[in-house]
Amino acid sequence: MVIAPGNTETSAEQSAGRRSAAESAGVLSEIIDGVRDDLAVRRSRTTEAELSRRIADVPPALDAHAALTATDRIRVIAEVKRKSPSKGDLAAIADPAELAGHYRAGGAAAVSVLTEERRFSGSLADFDAVRRAVDIPLLRKDFMVTDYQILESRAHGADIVLLIVAALDDAELRGMLELATSLGMTALVETHTPEEIARAVSAGARVIGVNNRNLKTLHVDPGMFDALASSLPAGCITVAESGITGVADVQRFAAAGADAVLVGEALVTGGAPRAAVAEFSSVHKTGNR
Ligand SMILES: O=P(O)(O)OC[C@@H](O)[C@@H](O)c1c[nH]c2ccccc12
């Protein structure tokens, strides 16, 4: 068979494209490899049938939609975060429940608890401790790749789960979103590009986060939420995530139309989590998307 030069070039370009896509999947795919290994261990200990039995015994999920839209102020999702792949150790957090109590006292709409163990030093035990301590919506923050984790989240009393569009194909995204919704939970669907927003919307997302941090490279672009705000459909709840260092950032996201912000580092390293949550939660929603 004779291959026309044009075709050869195209296939070379395609394979280069595949290589660079695989390379740029970088940190995210490494984290997910570890998540899958840890998941296999938990699965061998607790069956899905057992999770379903536990789900029947936990109180129903709290209404996160209501919590995220309750006022004309920006709502804060305050995160329990010890460590991250981009920043290393952030804070020891000996008592996650106590920290969550400060967040609640400061007026947080919800608390996010990282449960990924290898890179973030989180755990489901942290999640359980926070669940026992606070009565506001809790987000289980992890890298969700199977339905098992959605069931597991509800069995531990989660009200919100994070679904990262970049980590899922369309069928997985839709299936996990539907499962979370059927269990009464809210899915926070995380995006980083206009294409991911379109995929989130077509999967049925109603709460959409824009992560200012690219999870493949860990680079933070504080302008990302603003740049993507016009792609976020009216009627969905919008969350600006990551890289918020102070109230000026919250004001900027509010002006760009965010309903809520998701903040970790600034709260765990700032020394005054309650006051910081209160300050951020006082910002008026000034934007109209
Ligand atoms: O610590 P920061 O920069 O305030 O970021 C918090 C939160 O947005 C970040 O932890 C995060 C957003 N999406 C994620 C997905 C997985 C792990 C972590 C995250």
Side-chain angles (χ1 to χ4, degrees), residues 25-35 38 68 74-91 93 96 99-100 103 108-123 126-127 138-145 149 153 158 160-168 173 176 187-193 196-197 200 205 207-225 228 238-250 252-253 258-270 273 276-277 279-280:
V27 185
L28 181 60
S29 68
E30 278 171 34
I31 293 173
I32 288 174
D33 287 346
V35 163
D38 293 345
L68 291 173
I74 281 280
R75 307 313 322 270
V76 175
I77 306 173
E79 187 154 283
V80 176
K81 185 179 193 182
R82 289 201 179 86
K83 185 176 159 185
S84 74
S86 55
K87 299 285 181 84
D89 291 330
L90 295 170
I93 316 183
L99 177 61
Y103 289 161
V111 175
S112 165
V113 183
L114 269 155
T115 59
E116 197 279 341
E117 300 189 9
R118 299 177 184 221
R119 303 296 191 102
F120 293 88
S121 286
S123 66
D126 282 353
F127 189 92
L138 284 197
L139 164 64
R140 184 197 176 183
K141 181 69 115 45
D142 210 315
F143 297 80
M144 304 294 184
V145 288
Q149 293 160 293
S153 302
I160 314 171
V161 287
L162 183 77
L163 298 178
I164 302 171
V165 174
L168 300 169
L173 179 60
M176 290 164 76
L188 168 57
V189 182
E190 178 174 301
T191 65
H192 188 69
T193 64
E196 289 179 6
I197 292 174
V207 182
I208 301 182
V210 172
N211 196 350
N212 294 302
R213 181 178 293 113
N214 181 331
L215 287 176
K216 296 171 182 172
T217 62
L218 302 182
H219 173 73
V220 174
D221 176 354
M224 191 52 74
F225 183 87
L228 297 189
T238 61
V239 184
E241 304 176 14
S242 306
I244 290 154
T245 59
V247 73
D249 293 324
V250 180
R252 211 187 52 248
F253 295 130
D259 295 300
V261 289
L262 175 48
V263 192
E265 181 178 348
L267 299 178
V268 301
T269 61
V277 170
E279 184 187 28
F280 296 173

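Both ligands and their constituent atoms are indexed starting at 1 by order of listing.
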Subject >> Donor + acceptor pair across side chains of S121, R82 (<3.5 Å) >> reply: no
Original post:
So, do L218 and R213 sit near enough that their side-chain heavy atoms are less than 4.5 Å apart?
Top reply: yes
Original post:
Numbering the atoms of ligand 1 from 1, which are under 4.0 Å from a heavy atom of E241?
Top reply: 8 (O), 12 (C), 13 (N)
Original post:
With a 4.5 Å limit on heavy-atom distance, are the side chains of L99 and P273 in contact?
Top reply: yes
Subject >> Gap between atom CG of L262 and atom NZ of K141 - 0.5 Å precision >> reply: 4.5 Å
Original post:
Which residue owns the protein heavy atom closest to atom 11 (C) of ligand 1, what's the atom, and how far is it?
Top reply: K141 NZ, 2.9 Å
**OP:** Starting from atom 16 (C) of ligand 1, find the nearest protein heavy-atom neighbour and note its residue, name and distance.
**Re:** F143 CZ, 3.3 Å
Original post:
Nearest to atom 13 (N) of ligand 1, what protein heavy atom do you find, and at what distance?
Top reply: E190 OE1, 2.7 Å
**OP:** Considering only non-hydrogen protein atoms, determine which one is nearest to atom 10 (O) of ligand 1 and report residue, atom name and distance to 0.1 Å.
**Re:** E79 OE2, 2.5 Å
Original post:
Which of the atoms of ligand 1 are close to E265, meaning less than 4.0 Å from one of its heavy atoms?
Top reply: 1 (O), 2 (P), 4 (O)
**OP:** Would you check if D142 and T115 make a side-chain contact, meaning some heavy-atom pair closer than 4.5 Å?
**Re:** yes
Original post:
Can you tell me the protein heavy atom closest to atom 17 (C) of ligand 1 and the distance?
Top reply: F120 CZ, 3.5 Å
Original post:
Counting only N and O atoms by type, is there a donor-acceptor contact under 3.5 Å from the side chain of N212 to the main-chain atoms of A240?
Top reply: no
Original post:
Which residue holds the protein heavy atom closest to atom 4 (O) of ligand 1, what is that atom called, and what is the gap in Å?
Top reply: G264 N, 2.8 Å
Original post:
With no hydrogens and no angle check, is any side-chain donor or acceptor of R75 less than 3.5 Å from a backbone partner on A110?
Top reply: no
Subject >> Shortest protein heavy-atom distance from atom 15 (C) of ligand 1, along with the residue and atom involved >> reply: L162 CD2, 3.7 Å
Original post:
What's the shortest distance from atom 3 (O) of ligand 1 to any protein heavy atom, and which residue and atom give it?
Top reply: G243 N, 2.9 Å
**OP:** Heavy-atom distances under 4.0 Å are what count here, so tell me which part of R213 touches ligand 1: side chain, backbone, both or neither.
**Re:** side chain
**OP:** Check the pair F143, L28 against side-chain contact (heavy atoms from CB on, under 4.5 Å), reporting the backbone distance first and the verdict last.
**Re:** CA-CA 9 Å; F143 297 80; L28 181 60; 3.8 Å; yes
Original post:
Can you list the atoms of ligand 1 that are under 4.0 Å from a heavy atom of S242?
Top reply: 2 (P), 3 (O), 5 (O), 7 (C), 8 (O), 9 (C), 11 (C), 12 (C)
**OP:** For K81, counting its heavy atoms only, list the atoms of ligand 1 lying under 4.0 Å from any of them.
**Re:** 1 (O), 2 (P), 5 (O), 6 (C), 9 (C), 10 (O)
